[in-house]
Amino acid sequence: EGLVEVQLSSNIKYKKKLENHPIEMLKDFIRLSNSGTTPGKWLVDDWKQYGNMRFLPNYIDSERYLSVPPFKKKDDKIVIGYGGSMSHVASFMESGVNEALARVIRKRNNVMVLICGDKRVWDNLPVPNHKKAHANYDRSNWWGKVLRQFDIGLAPLAKFYDHRRSAIKSTEYSLMGIPFIATRSRVYEDFEENNVGVYVSNGDYDGVSFEKRVDEWETALLD
């Protein structure tokens with residue numbers, strides 16, 4: 001809506017409408033720039049009408065990941081893991097993975113789910129609390145140690161916003177040798193074309209129903 005919150009020293013807060021909407025400001029910025037970069041392929045198409053947009057994939061600092069020793073398991077538990085920042089709630093709620101995880105947990109006693117980052121994803125996961133764990137945000141150089149605990153990685157996507165994301169998940173999982181399951185998307189097309197990862201239908205442009213996607217997630221996770 002083009003509103004920003006202003007806070008005065010007296011702790012008085014109010015919202016002010018910007019003269020120029022932030023999206024219009026971004027369009028102007030791209031027009032004035034020699035080039036704009038994004039790690040999302042679809043974002044290039046979204047914004048190329050305003051200027052020279054280039055696709056620039058995520059850079060992975062390999063040493064931060066590969067220097068982490070393998071995680072020593074104390075039991076036969078299989079950990080299905082995911083880590084992400086804010087704005088991934090819909091990715092879980094609307095992709096079908098939530099319901100599939102609940103089914104898998106009921107069928108596999110030795111499986112648990114580890115969610116890192118946004119606590120709302122953990123809260124909305126329809127799995128008994130003793131079958132799911134949560135790890136808070138941490139420094140980037142600790143992330144590799146968390147990833148080492150994953151036996152299976154998740155990369156669910158839902159709605160067109162998600163399809164503007166980068167391929168950071170598939171890149172990290174691949175680097176660490178973690179098998180992963182992802183929603184089929186332009187985001188991960190380079191990986192799928194090279195037979196890296198297992199993919200579940202996308203309801204947005206595959207037209208596959210939510211119930212069918214839940215079934216696909218369950219089958220892929222059990223496999």
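Numbers here are sequence positions counted from 1.
In terms of modelled atom types and a separation under 3.5 Å, the side chain of N202 and the main chain of T183 share no donor-acceptor contact. Distance alone, capped at 3.5 Å, is enough to place a donor-acceptor pair between the R213 side chain and the V208 backbone. In terms of modelled atom types and a separation under 3.5 Å, the side chain of S91 and the main chain of L157 share no donor-acceptor contact. Side-chain atoms of D118 come within 3.5 Å of backbone atoms of R120 as a donor-acceptor pair (strictly under, hydrogens ignored). Of the possible polar contacts, none joining the K169 side chain to the A182 backbone as a donor-acceptor pair under 3.5 Å is found. Checking side-chain atoms of D75 against main-chain N and O of K77 turns up a donor-acceptor pair under 3.5 Å. Under the 3.5 Å distance criterion, the side-chain polar atoms of S33 are left unmatched by any main-chain donor or acceptor of S35.
In this view, W143 satisfies the ring-ring contact (aromatic ring centres under 6.0 Å, His included) rule with no residue, not counting sequence neighbours. Legend: residues meeting side-chain contact (heavy atoms from CB on, under 4.5 Å) with E1, ordered by chain and number and at least two apart, are L3. Legend: residues meeting salt bridge (Lys or Arg N to Asp or Glu O under 4.0 Å) with E99, ordered by chain and number and at least two apart, are absent. For S209, the side-chain contact (heavy atoms from CB on, under 4.5 Å) partners at least two apart in sequence or on another chain are E211, K212. With sequence neighbours excluded, the residues satisfying side-chain contact (heavy atoms from CB on, under 4.5 Å) with R164 are W42, L43, D46, F160. Applying the salt bridge (Lys or Arg N to Asp or Glu O under 4.0 Å) criterion to E172, with sequence neighbours excluded, gives no partner residue.
Evaluation of the salt bridge (charged side-chain N to carboxylate O under 4.0 Å, His left out) test over residues 151-162, restricted to residues two or more places apart or in two chains, returns K73-D151, E94-K159, D162-R165. For residues 30-43, the pairs satisfying salt bridge (charged side-chain N to carboxylate O under 4.0 Å, His left out) are D28-R31, K41-E189, K41-D190, with sequence neighbours left out. Applying the ring-ring contact (aromatic ring centres under 6.0 Å, His included) definition to pairs two or more places apart or across chains, those involving residues 65-118 are Y82-H88, Y82-F92. Each side chain to side chain donor-acceptor pair (under 3.5 Å) pair with one or both residues in residues 103-114, not counting sequence neighbours, appears once here: R103-D215, R103-E218, K107-E218. Within the structure, side chain to side chain donor-acceptor pair (under 3.5 Å) contacts touching residues 125-137 (residues at least two apart or in different chains) do not occur.
Going from atom CD1 of I30 over to atom CD of Q49 covers 9.5 Å, rounded to the nearest 0.5 Å. Taking CG of L175 as the reference point, atom OG of S62 lies at 5.0 Å (rounded to 0.5 Å). Considering CG of N20 and CE of M25, their distance stands at 6.5 Å, rounded to 0.5 Å. Atoms CH2 and SG, on W142 and C116 in that order, are 14.0 Å from each other to the nearest 0.5 Å. Note that the CG atom of L125 and the CG atom of N98 stand 5.0 Å from one another [nearest 0.5 Å]. In this structure, the separation between OG on S170 and CD1 on I178 is 12.0 Å, given to the nearest 0.5 Å.
Between N34 and N52 there is no side-chain heavy-atom pair separated by less than 4.5 Å. Two residues are said to be in side-chain contact when any heavy atoms from C-beta on lie closer than 4.5 Å; Y59 and P39 fail this criterion. Inter-residue side-chain proximity for R184 and D206 is flagged as met; some heavy-atom pair is nearer than 4.5 Å. In this structure, the side chains of L221 and I80 come closer than 4.5 Å at one or more pairs of heavy atoms. At a threshold of 4.5 Å between non-hydrogen side-chain atoms, the residues F180 and V196 count as touching.
Linking Ile, Leu, Val, Met, Phe, Trp and Tyr whenever their side-chain heavy atoms come within less than 4.5 Å puts I168 and L147 in one cluster. When the side chains of ILVMFWY residues are joined at heavy-atom separations under 4.5 Å, either directly or via intervening members, L26 and V44 end up in a single hydrophobic cluster. Residues L222 and Y199 fall within the same hydrophobic cluster, defined by Ile, Leu, Val, Met, Phe, Trp and Tyr side chains chained together at heavy-atom separations under 4.5 Å. Taking hydrophobic clusters as Ile, Leu, Val, Met, Phe, Trp and Tyr residues chained together by side-chain heavy-atom distances below 4.5 Å, V68 does not share a cluster with V79.
Ring orientation note: the planes of F150 and Y173 are tilted relative to one another, at an angle of 30° to 60°.
Heavy atoms of other residues, nucleotides or ligands lying less than 6.0 angstrom from CZ of F55 number more than 12.
Hydrophobic clustering, defined by side-chain heavy atoms of Ile, Leu, Val, Met, Phe, Trp and Tyr closer than 4.5 Å, groups V6 together with L8, I12, Y14.
The existence of a salt bridge linking K27 and E24 is confirmed by a sub-4.0 Å separation between a basic side-chain nitrogen and an acidic carboxylate oxygen.
Using modelled atom types and a 3.5 Å distance limit, the side chains of N58 and T171 yield no donor-acceptor pair.
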